[in-house]
Peer 1: 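One structure, pasted below without further comment.
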Amino acid sequence: MFERFTDSARSAVVAAQAEARRLHADRIATAHVLLGVLVTADEHLRTSLADVGLTIDGARTDLAAMNRDHPLGPDDAAALEAIGIDLDAVRARVEDTFGEGVLDRPAPKERRGRFSDLFGDHIPFERNAEKTLELALREAIAHRDRSIGSEHIMLGLLRSDDTATRSLIEAHVPRNRLRQILTARLDAAT
């Protein structure tokens, strides 16, 4: 599938890996794919996304806030809250005792993945991130495009099941509106 990616789409995947490393993640998540597209978007795509409020700085800030608010994930936090455990209070107490940032994840160990020949030392994709790239391929096929570009990846993100990434996008623009913008860009390119 990666042989069909344009240079910009390949750059977005490499940037997603870099974002995952920067955030000390052990896997490339769907949100990292979004950040990768935002980092590497060409000027016209970047402008179109910025016009609706989607910028790399804003997405990074939103993602950091989401991770700070829910360090274990929303399902984990809800389960612990149901039995009377407040994660924010636990984190605050641990940081008061042992120092700020003591609970932050360490950098993941370097390892080689199945795409290492194409993208260098590879952090594996989470299943939702893989699915997003598959959806990008489907979007390219649906638009009768021969290659997969950053717009197709964004359309794949809009179809993703990942609620965190959808909420990052929907905090700035409704998915249907962004789909219209991206589809218009693809239609204008043909």
Peer 1: Please indicate whether Arg127 has more than 12 foreign heavy atoms, meaning atoms of other residues, nucleotides or ligands, lying under 6.0 Å from its CZ.
Peer 2: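 More than 12 within 6.0 Å, yes.
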Peer 1: On a heavy-atom basis, which atom in Leu45 and which in Ser150 lie closest, and how many Å separate them?
Peer 2: CD2-CB, 3.7 Å
Peer 1: Any side-chain heavy atom of Phe125 sitting closer than 4.5 Å to one from Thr132?
Peer 2: no
Peer 1: Should the heavy atoms of other residues, nucleotides or ligands under 6.0 Å from CG of Asp7 be counted, would the total exceed 12?
Peer 2: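 Result for CG/Asp7: open.
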Peer 1: Does Arg46 reach the main-chain N or O of Ala41 with its side chain, forming a donor-acceptor pair under 3.5 Å?
Peer 2: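 Flag set: sc Arg46 to bb Ala41 pair under 3.5 Å.
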Peer 1: Considering all heavy atoms of both residues, which atom of Leu54 and which atom of Leu168 are nearest to each other, and what is their separation?
Peer 2: CD2-O, 4.3 Å
Peer 1: So, taking the atom named CG in Leu63 and the one named CZ in Arg60, what distance separates them when rounded to the nearest 0.5 Å?
Peer 2: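 The distance works out to 10.0 Å.
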Peer 1: Test side-chain contact (heavy atoms from CB on, under 4.5 Å) on Arg4 and Ile141 and set out the steps.
Peer 2: CA-CA 11 Å; Arg4 294 186 66 179; Ile141 291 169; 4.2 Å; yes
Peer 1: What is the distance from atom OG of Ser160 to atom CD1 of Ile153, rounded to the nearest 0.5 Å?
Peer 2: 13.0 Å
Peer 1: Check whether any side-chain heavy atom of Asn128 sits under 4.5 Å from a side-chain heavy atom of Thr165, and report yes or no.
Peer 2: no
Peer 1: Tell me, with the steps shown, if Asp161 and Lys131 meet side-chain contact (heavy atoms from CB on, under 4.5 Å).
Peer 2: CA-CA 9 Å; Asp161 291 335; Lys131 183 70 174 179; 5.6 Å; no
Peer 1: Would you mind reporting whether Leu182 and Glu139 have side-chain heavy atoms less than 4.5 Å apart?
Peer 2: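 No, every pair of side-chain atoms sits at 4.5 Å or beyond.
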Peer 1: Less than 4.0 angstrom from a charged side-chain N to a carboxylate O is my criterion; do Arg159 and Glu134 meet it?
Peer 2: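 The answer is no: the pair does not qualify as a salt bridge.
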Peer 1: Side-chain contact test, heavy atoms from C-beta onward, threshold under 4.5 Å: evaluate it for Thr40 versus Arg10 and give yes or no.
Peer 2: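 The answer is no, as the side chains (C-beta and beyond) never meet within the 4.5 Å cut-off.
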Peer 1: Are the side chains of Asp51 and Ile181 in touch, meaning some heavy atoms are under 4.5 Å apart?
Peer 2: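 Asp51 does not reach Ile181 side chain to side chain.
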Peer 1: Under 3.5 Å, side chain of Thr183 to main-chain N/O of Gln180, donor-acceptor pair present?
Peer 2: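 Absent.
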Peer 1: Could you pull out the closest heavy-atom pair between Gly36 and Glu19, with the gap in Å?
Peer 2: N-CG, 4.5 Å
Peer 1: So which heavy atom on Ile123 is nearest to which on Ile28, and how close?
Peer 2: O-CD1, 3.2 Å
Peer 1: Check Arg166 against Leu158 and note the closest heavy-atom contact, atom names and distance.
Peer 2: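 Closest approach of Arg166 to Leu158: CD-O, 4.4 Å.
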Peer 1: Any heavy-atom pair between the side chains of Thr55 and Leu49 that's under 4.5 Å?
Peer 2: no
Peer 1: Does a salt bridge link Arg27 with Glu130, judged by any charged N lying under 4.0 Å from a carboxylate O?
Peer 2: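 Salt bridge flag = no for Glu130 with Arg27.
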Peer 1: Answer yes if Leu135 and Ile148 sit in the same cluster of Ile, Leu, Val, Met, Phe, Trp and Tyr residues linked by side chain heavy atoms under 4.5 Å apart, and no otherwise.
Peer 2: no
Peer 1: Below 4.5 Å, heavy atoms only, C-beta onward: do His152 and Asp145 meet side chain to side chain?
Peer 2: yes
Peer 1: Over all heavy atoms of both residues, which pair between Leu155 and Arg179 is shortest? Give the atoms and the distance, please.
Peer 2: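 For Leu155 versus Arg179, the nearest heavy atoms are CD2-NH1, 3.6 Å.
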Peer 1: Going by the rule salt bridge (Lys or Arg N to Asp or Glu O under 4.0 Å), which residues pair with Arg175 if we only count those two or more places apart in sequence or in a different chain?
Peer 2: Glu170
Peer 1: Taking the side chain as everything from C-beta on, heavy atoms only, tell me whether Leu34 gets closer than 4.5 Å to Met154.
Peer 2: yes
